[in-house]
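Written out below as structure tokens is the structure these notes cover.
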Amino acid sequence: MNEDNPFYDPLRFERRVPPCIVAIFGANGDLARRKLLPALYRLAFERRLPPGFAVIGNSRSRMSDDDFRSTMRDAVKEFLEDSPFDESRWDDFAQGIFYVAGDVHEPELYPELKSRLADVGRQRQTGDNVLFYLSTAPSLYEAVVDRLGEASLSRGEGWRRIVVEKPFGHDAHSARSLSRGIQHAFPEDEIYRIDHYLGKETVQNILAFRFGNGIFEPLWNRRYVNHVQITAAETIGVEGRGAYYQEAGAIRDMIQNHLLQVMATVAMEPPSAFEPIEVRDERAKLLRAIHVMTPAEVDANAVAGQYGPARIGGEDVPGFRQEPGVAPDAPTDTYAAVTLLVENWRWAGVPFYLRTGKRMPKRVTDIAIQFNAAPHRLFASTDGDAGPWLRPNLLIVRIQPEEGISLRFLSKQPGSGMKLRPVSMDFNYGASFGARSPTAYETLLLDVLAGDSTLYTRQDMVDASWAVVQPILDVWASRKFDFPNYPAGSWGPKAADDMLARNGHSWRTS
């Protein structure tokens, strides 16, 4: 690669990974096809992977190495994001791709996998370094880990690591059971629980924004911050995943993991050093400091919703209960909003509002930090005396679809007199750096191969997150909701607006 290549960025070549094998269970599934192989190919394209790198895929489908390579080539071409597909680079990368067929429940798979790991390891000179990636249904995690332990595959002459995809359990009890099972075969420091939100550039940039700039950290506390809103809205429905989604729901699918991890990153205390242990310690402390609701508090501070049918853009859109694979009386939440309080000196009394939903008016994931209004009103506004104070200073961190940061403040409008209007100062990743941002999976795969756990979730964080969510799930399990309670294409149920209105706040919708 040379500087004439438009994707060449010398600043991103500071870290390389050792020779190793990535063994992917469920390698013929959507996650591997849409995310993992495209990310690994992109890392190879940028020469971030060593010559001694290999992939061994596993699924029940019978196919040869060449068949698997052909299948993955088609997948990478289809799902590669913001990148060219180079046939010669693919051919080089594909030489390190292999396949082992077999059912993960069957004991005979694992001796065959062990033999193949040894053969490929000798061929590619990987030093017996192996990363196992669980890209299967969550119900298979414990079976795979048990078999790996029984076959002595969790130990070797090199390092052995395992990546577990969320959800990390269905509730607090199953999460602890899953953790015990994995820790029976792998030590905690070799277990990487992946949350792809933490790999997004803007989420990582929260740390740089707070702790790399002297101007913001002094304002990052209850004295200056009025409240925080974290939103993850999708315009799509369940997209053929109805059977899975009706067992999960919005609060399990998004709040228990993604949004609580984002909240912890926003609100954590400064770490003593930018090292994995220190950063994860502070995120864990913040999660443990979140007030755990009593059953009596749940109704006032948590709202469940489910979208119903509507007509959007001239087309009829089905409600959740009309989606394929969904029961006609499914009580599943496709929308969830919660008010959380952090019981520490920095954030005491500052509400954190988290919401997520499907079939929302627009796709957006962002963090909005609203600051307190100026203590004394000196100026008039362009839309009435109260106008600017109803539009307070906001710092908005945009996670998707466009990554960036926006600061909204008041400025004098041109002309005579002193009338104010809100204006924004914007930072956009693409415009500022002129280079593509790596996908979350590129970042996180590179980290785990290099042994960097900073952006991965530790078991104590999982326990703390479930401690926050479990009381809400317990109360909701005993409720009979009048679903659906919001039409597709709207911002959710009225109860969510009422929840904020009780504190004198309102959701952002623009």
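The model shown is predicted, which means the values in this text are computed figures rather than measured ones.
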[X] versus [Y], closest heavy-atom pair with distance:
X	Y	answer
Val225	Leu219	CG2-O, 3.6 Å
Leu40	Leu49	O-CD1, 3.5 Å
Glu165	Leu31	OE2-CD2, 3.4 Å
Gly199	Gln204	O-NE2, 2.9 Å
Ala467	Val292	O-CG1, 3.4 Å

Exercise for the section: Decide yes or no on salt bridge (charged side-chain N to carboxylate O under 4.0 Å, His left out) for Lys358 and Glu239, but give the supporting numbers first. Expected result: CA-CA 10 Å; Lys358 291 189 175 294; Glu239 300 294 289; over 6 Å; no
Under a 3.5 Å distance rule, please check whether [X] uses its side chain to pair with a backbone N or O of [Y] as donor and acceptor.
X	Y	answer
Ser465	Met461	yes
Arg311	Gly314	yes
Arg502	Ala300	yes

Does a donor on one side chain sit under 3.5 Å from an acceptor on the other, for [X] and [Y]?
X	Y	value
Asp426	Ser424	no
Asn372	Asn226	yes
Glu188	Gln459	no
Gln261	Asn257	no

Handout entry: Cation-pi geometry met for Arg89 and Phe45 (6.0 Å, 45°)
Key =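 Ring-cation test returns yes.
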Practice task
Kindly confirm or rule out a cation-pi arrangement of Lys166 over Phe168, judged by NZ or CZ under 6.0 Å from the six-membered ring centre and within 45° of its axis?
Solution key: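 Judged by the rule (NZ or CZ under 6.0 Å from the ring centre, within 45° of its axis), Lys166 is not positioned above Phe168.
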Problem - Residue from Arg508, Arg355, Lys200 passing salt bridge (Lys or Arg N to Asp or Glu O under 4.0 Å) with Asp366 - result: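 Of the listed residues Arg508, Arg355, Lys200, the salt bridge (Lys or Arg N to Asp or Glu O under 4.0 Å) partner of Asp366 is Arg508.
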[X] atom [atom1], over 12 foreign heavy atoms within 6.0 Å:
X	atom1	result
Phe481	CZ	yes
Lys494	NZ	no
Ile236	CD1	yes
His173	NE2	no

Practice task
Determine, step by step, whether Arg288 and Asp460 satisfy the salt bridge (charged side-chain N to carboxylate O under 4.0 Å, His left out) criterion, reporting the C-alpha distance in whole Å, the side-chain angles of both residues, the deciding distance to 0.1 Å, and the verdict.
Solution key: CA-CA 9 Å; Arg288 289 195 296 270; Asp460 58 340; 3.5 Å; yes
Between [X] and [Y] (judged by ring centroids, cut-off 6.0 Å), do the two rings come close enough to count as a pair?
X	Y	value
Tyr353	His227	yes
Tyr456	Tyr192	yes
Tyr335	Tyr307	no

Practice task
Mind telling me whether His258 and Tyr197 have parallel, tilted or perpendicular rings, with 30° and 60° as the class edges?
Solution key: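 Rings of Tyr197 and His258: parallel, under 30°.
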Handout entry: Glu81 and Lys35 ion-paired at < 4.0 Å
Key =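 A salt bridge links Glu81 with Lys35.
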Practice task
Any chance you could lay out the side chain to side chain contact (heavy atoms under 4.5 Å, CB included) test for Thr443 and Glu201, step after step, and finish with the verdict?
Solution key: CA-CA 9 Å; Thr443 297; Glu201 282 291 321; 4.3 Å; yes
Problem - Qualifying residue for ring-ring contact (aromatic ring centres under 6.0 Å, His included) with Tyr41, from Phe85, Phe53, Phe79, Tyr441 - result: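 When ring-ring contact (aromatic ring centres under 6.0 Å, His included) is applied between Tyr41 and each of Phe85, Phe53, Phe79, Tyr441, only Phe85 qualifies.
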Practice task
Walk me through it: do Arg479 and Asp299 pass the test salt bridge (charged side-chain N to carboxylate O under 4.0 Å, His left out)?
Solution key: CA-CA 10 Å; Arg479 292 278 189 274; Asp299 285 341; 2.5 Å; yes
Exercise for the section: Take Val55 and Ile24, measure what side chain to side chain contact (heavy atoms under 4.5 Å, CB included) needs, and give me the verdict at the end. Expected result: CA-CA 7 Å; Val55 174; Ile24 303 175; 4.0 Å; yes
